[in-house]
**Q** 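This is the structure I have questions about; it appears just below.
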Amino acid sequence: MAAAAAAGTGGQTLGRSSFSRAASSKTASSSSSPTASGVKLGPNGAAFVSSGIPDLDRILGGGFLLGSVVMVMEDSDAPHHLLLLRAFMSQGVVHKQPLLFAAPMKEPRSFLGALPAPVASSKEDARQRAMAGGAAGDGRDEGLRIAWQYRKYFGDERNSSAEHRDNKQEFSHDFDLRKPLERHLLNAQHIECLSTQDLDTLHDLQDRCSAFLSKHQRKEGGNLSAGRIAIQSLCAPECGYFGKDWDMVLFLRSLKAMVRSSNAVAIITFPHTVLSDSFCKRWQHLADTLLSIKAIPDEDKDLAKLLTGYQDMVGFLHVHKVAQTNSQVPVILEASTFSLKLRKRRSLVLERLNQAPVDGSSGPSSGGSGSCSSSTQGSQLDF
């Protein structure tokens, strides 16, 4: 009896179609996922939180790595680094992740009023599109006379793709820079604001960061919860630590060690022009992910009449270093410099800069490059 039952069970297992096996494996993998809201698992056991800019998440290979320190070099001509900082903080508030914000201002909590609100969530729209697509799919199935027992597997595939779109939307949102974040989201979330002008020494700031990170210690197993630390203009002249170069380096080292053993991400913006070359190099070396912002001077915006798409461009973002873990394979980016655009003055977009073609696929060449123009499409020039 037992043997017959085992044989029957085995026969039933062997008799399942590939659609059923694929569906069951997807269900098992999704149910065993230990991620929490706003945390995404990547290759080599890496976990990411969103930067609040979908394009930047794609460039960095998933977002900001948990346990890493992100540094942004400011531009003295324009405060475009605040665009990255506001998106990072708003994404954490939307995901209900605890936030520690420190800035050289008397009332740092007033900065929360400048956080942008996410664009109207397209989760319900995605569901409606999925339902409409399911109805259209059923019509196509009837038209093609597909066997009824396979329809449910196509339906599972549509549902899984819709869930994938929803999860992607939940991980990284598009924010409307002209619309402030709803106040009830700020009141219902654990947000701690500090004024670096009120803190006497960097040890006080270090103690506050240590107390915050102690609540997000990395643990084996269970759901991953993430915390966020945002420090604005750490070495600015209005800060109380201006001129204390070695003290700031020691603070960065200790903060990096604390963040490395926690489920948190720290982003620090600093005006690199007030630092000496040697200390600026030290700061850059201590960063796990290093970015820089360069604004476009107003006099250069006259080129908008000549260049397509230049009207929305406000600056450039340069990726100097990308954090990685459990891997010795270097990160290879498609480009290191991207244009920073405000599409319709409300949405932050990063685009790869257009470059001149390097092959003969775009038409005949001029001058004495006749041999180059005869190359096949997509081939590289051989000098």
Side-chain angles (χ1 to χ4, degrees), residues 42-44 46-89 91 172 228-236 245 248-249 251-253 255-257 259-260 264-297 313-341 348-355:
N44 302 319
F48 299 92
V49 295
S50 175
S51 63
I53 306 174
D55 291 335
L56 184 57
D57 294 342
R58 176 185 55 81
I59 293 169
L60 299 178
F64 291 152
L65 189 65
L66 272 183
S68 66
V69 175
V70 182
M71 291 192 184
V72 181
M73 293 189 289
E74 304 175 4
D75 188 2
S76 57
D77 295 334
H80 291 333
H81 62 279
L82 295 180
L83 297 174
L84 275 66
L85 200 64
R86 290 161 60 189
F88 173 77
M89 296 172 62
Q91 190 68 73
S172 182
R228 299 183 181 225
I229 295 179
I231 302 178
Q232 175 191 346
S233 304
L234 180 59
C235 61
D245 295 335
M248 288 188 288
V249 170
F251 166 76
L252 292 176
R253 288 178 177 175
L255 178 63
K256 183 177 181 179
V259 172
R260 185 62 55 87
V265 175
I267 180 172
I268 302 173
T269 67
F270 66 99
H272 62 98
T273 55
V274 303
L275 295 173
S276 62
D277 293 340
S278 60
F279 279 99
C280 186
K281 291 294 183 182
R282 288 185 172 92
W283 282 54
Q284 297 177 23
H285 178 72
L286 290 173
D288 295 313
T289 298
L290 181 62
L291 310 173
S292 64
I293 296 292
K294 181 63 177 178
I296 299 178
M313 190 183 303
V314 297
F316 302 96
L317 183 138
H318 189 80
V319 181
H320 301 270
K321 190 192 304 184
V322 180
Q324 57 181 346
T325 182
N326 300 332
S327 176
Q328 295 181 352
V329 179
V331 178
I332 301 177
L333 301 177
E334 61 178 7
S336 58
T337 303
F338 299 86
S339 62
L340 190 67
K341 292 186 176 182
L348 190 60
V349 178
L350 296 176
E351 293 183 357
R352 182 178 178 181
L353 296 177
N354 295 328
Q355 298 178 355

**Q** Counting C-beta onward and ignoring hydrogens, is there a side-chain heavy-atom pair between R228 and Q91 closer than 4.5 Å?
**A**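 They are in side-chain contact.
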**Q** Quick check for you: to the nearest 0.5 Å, what is the distance between H80 atom NE2 and K294 atom NZ?
**A**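 It is 10.5 Å, given to the nearest 0.5 Å.
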**Q** Find out whether L83 and I53 are in side-chain contact, i.e. whether some heavy atom of one side chain is under 4.5 Å from a heavy atom of the other.
**A** no
**Q** At what distance, to the nearest 0.5 angstrom, does NE2 of H320 lie from CG of L291?
**A** 7.5 Å
**Q** Please examine the side chains of P79 and E74, heavy atoms only from C-beta on, and report whether any two atoms are closer than 4.5 Å.
**A**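 The answer is no, as the side chains (C-beta and beyond) never meet within the 4.5 Å cut-off.
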**Q** Could you measure the distance from the CG atom of L255 to the CG atom of L286? Nearest 0.5 Å is fine.
**A**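 Taking CG in L255 and CG in L286, the distance rounds to 10.0 Å.
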**Q** Side-chain contact, heavy-atom cut-off 4.5 Å: D57 with F48?
**A** no
**Q** Does any N or O in the side chain of R352 come within less than 3.5 Å of the main-chain N or O of E334, such that one atom is a donor and the other an acceptor?
**A**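 It does hold such a pair.
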**Q** Are any side-chain N or O atoms of S339 and backbone N or O atoms of E351, one a donor and one an acceptor, separated by less than 3.5 Å?
**A**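 Indeed, once roles are kept as given, a pair shorter than 3.5 Å links the two residues.
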**Q** CD1/I267 to CD1/I229 distance, rounded to the nearest 0.5 angstrom?
**A**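 Between atom CD1 of I267 and atom CD1 of I229 there are 12.0 Å.
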**Q** What's the spacing between H272 NE2 and L290 CG if we round to 0.5 Å?
**A** 10.0 Å
**Q** If I compare all heavy atoms of S68 with all of A323, which pair ends up nearest, and what's the gap?
**A**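 In this case the closest contact between S68 and A323 is CB-CB, 4.2 Å.
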**Q** Under 3.5 Å, is there a donor-acceptor pair between the side chain of S50 and the main chain of G63?
**A** no
**Q** Just how far is it from atom CD1 of I293 to atom OG1 of T269, taken to the nearest 0.5 Å?
**A** 10.5 Å
**Q** Should C235 and F279 count as side-chain neighbours, where that means a heavy-atom distance under 4.5 Å?
**A** no
**Q** With a 4.5 Å cut-off on side-chain heavy atoms, are F88 and V72 touching?
**A**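 Not in contact.
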**Q** Among residues at least two apart in sequence or on other chains, which ones pass salt bridge (charged side-chain N to carboxylate O under 4.0 Å, His left out) with R260?
**A**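 In terms of salt bridge (charged side-chain N to carboxylate O under 4.0 Å, His left out), with neighbours along the sequence ignored, R260 is linked to D288.
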**Q** Give a yes or no on whether the backbone of A295 and the side-chain of D77 come within a donor-acceptor separation of less than 3.5 Å.
**A** no
